[in-house]
Protein chains: 2
Amino acid sequence: MTAEGGGVPLSERLARGDLMAKACPSREVLKHITSRWGVLVLLALRGGTHRFSELRRAIGGVSERMLAQTLQWLEGDGLVDRVAYEVVPPHVEYSLTPLGREAAEKVRGLADWIEVSLPRIVERWEEREGDS
Amino acid sequence: MTAEGGGVPLSERLARGDLMAKACPSREVLKHITSRWGVLVLLALRGGTHRFSELRRAIGGVSERMLAQTLQWLEGDGLVDRVAYEVVPPHVEYSLTPLGREAAEKVRGLADWIEVSLPRIVERWEEREGDS
DNA sequence: TACTTATATGTAAGTACTTACGGAAAGTAA
DNA sequence: TTACTTTCCGTAAGTACTTACATATAAGTA
């Protein structure tokens, strides 16, 4: 297919990222998605639209600061959609964009595996304690 | 407290983790796997056994210190197997355990998506620049 | 006698991530 | 009037992650 580049170099529009490369921009995306709270935000939003305070409650341990920060990162990458109603007190709703839904599916795959495999991993921890 | 397996309640050995819960041990596993270099180490080891220096070369930007650290985390979780030959200079080989191979597959799913989707995400970045 | 090799470890220093706390806005309830 | 609500932002402080640099090994090489 022919790409119509509105001024942007063709190479830039088609290039696939390479996470192994030190300077690849994909590293930035990886950082946002796999950040401490990024993963959990994506998981929480898989259930649909949520208000800020709902997310805060759903994700055990996040501070308001970090939740806001993380949401901004994800919004900046086009994974999360933010809708603010101009009222007081503020009312803001967050949801996944189509792009974000794709990412969230992949994250769910990993998260699910971790949750299910936890018992097996804990076993290793216990074995190691006995080693020393 | 309950360090040895013998006295640990059955429910605790079988329980599935819950990443949304603040104190769940699965959070620790998530941290190791999604750490800055953890993801890349798992990806690199998908190709098979690698020596330390090979990994260092394969993963652009890692310092020796962090690579060693990350490998220890993953080894501790039973995802990576470490075999050291008692020679000088040292010769150490790393590979994925069956458990690690499972994790690596999930990570690959996410990593692959990021690499492929990078162009679409970069578009958002460029759109935002014009916004302000 | 150095110098080089491969894989770490210890330490000091720097940077980035996180948290805690206070503040702001414009109504409503007490 | 005072308190309370929700969603942030700013600042200071703390903690964790990273890097840079030095050290150790035992044999082969210049």
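Numbers restart at 1 for each chain; the letters A, B, ... are given by sequence-line order, proteins then strands.
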Report the residues that fulfil side-chain contact (heavy atoms from CB on, under 4.5 Å) with [X], sequence neighbours left out, ordered by chain and then residue number.
X: B/P25; value: A/L118, A/W125
X: A/A58; value: none
X: A/R46; value: A/L96, A/A104, A/E105, A/R108

### Task
Could you name each residue pair satisfying salt bridge (charged side-chain N to carboxylate O under 4.0 Å, His left out) that touches residues 74-95 of chain A, not counting sequence neighbours?
A/E75-B/R128
### Message
Could you tell me if the side chain of B/S35 sits less than 4.5 Å from the side chain of B/T70, heavy atoms only?
### Response
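The answer is yes, as the side chains (C-beta and beyond) meet within the 4.5 Å cut-off.
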### Beyond-backbone contact of B/R51 with B/H91, side-chain heavy atoms, under 4.5 angstrom
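Yes, at least one pair of side-chain atoms sits under 4.5 Å.
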### Partners passing side chain to side chain donor-acceptor pair (under 3.5 Å) against B/D18 (at least two apart in sequence or in another chain)
none
### Closest non-hydrogen atom pair, B/M20 against A/L40
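It is CE-O, 3.4 Å.
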## Note on the structure
For B/G78 and B/L99 the tightest heavy-atom approach is O-CB, 3.7 Å
### By salt bridge (charged side-chain N to carboxylate O under 4.0 Å, His left out) - contacts of B/R120 (at least two apart)
A/E102
### Task
Using five base pairs at each end, measure the axis-to-axis angle across the helix from C/dT1-D/dA30 to C/dA30-D/dT1 and round it to 10 degrees.
30°
## Note on the structure
Going by chain and number, the hydrophobic cluster around A/V87 (ILVMFWY, side chain to side chain under 4.5 Å) further includes A/V83, A/Y85
### Query
In residues 19-37 of chain A, what residues come within less than 4.0 Å of DNA chain C, judged by heavy atoms?
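Hits under 4.0 Å, by residue number: A/K31, A/R36, A/W37.
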### Residue pairs fulfilling ring pair (Phe, Tyr, Trp, His ring centres under 6.0 Å) with at least one residue in residues 28-53 of chain A, sequence neighbours excluded
A/H32-A/W73
### Summary
Counting primed atoms, P, OP1 and OP2 as sugar-phosphate and everything else as base, the B/S/- map of nucleotides 4-10 of chain C against protein heavy atoms under 4.0 Å is -BBBBSB
### Message
Taking any atom closer than 4.0 angstrom to a non-hydrogen atom of chain A, what span of DNA chain D does the protein reach, first nucleotide to last?
### Response
D/dT5 to D/dT11
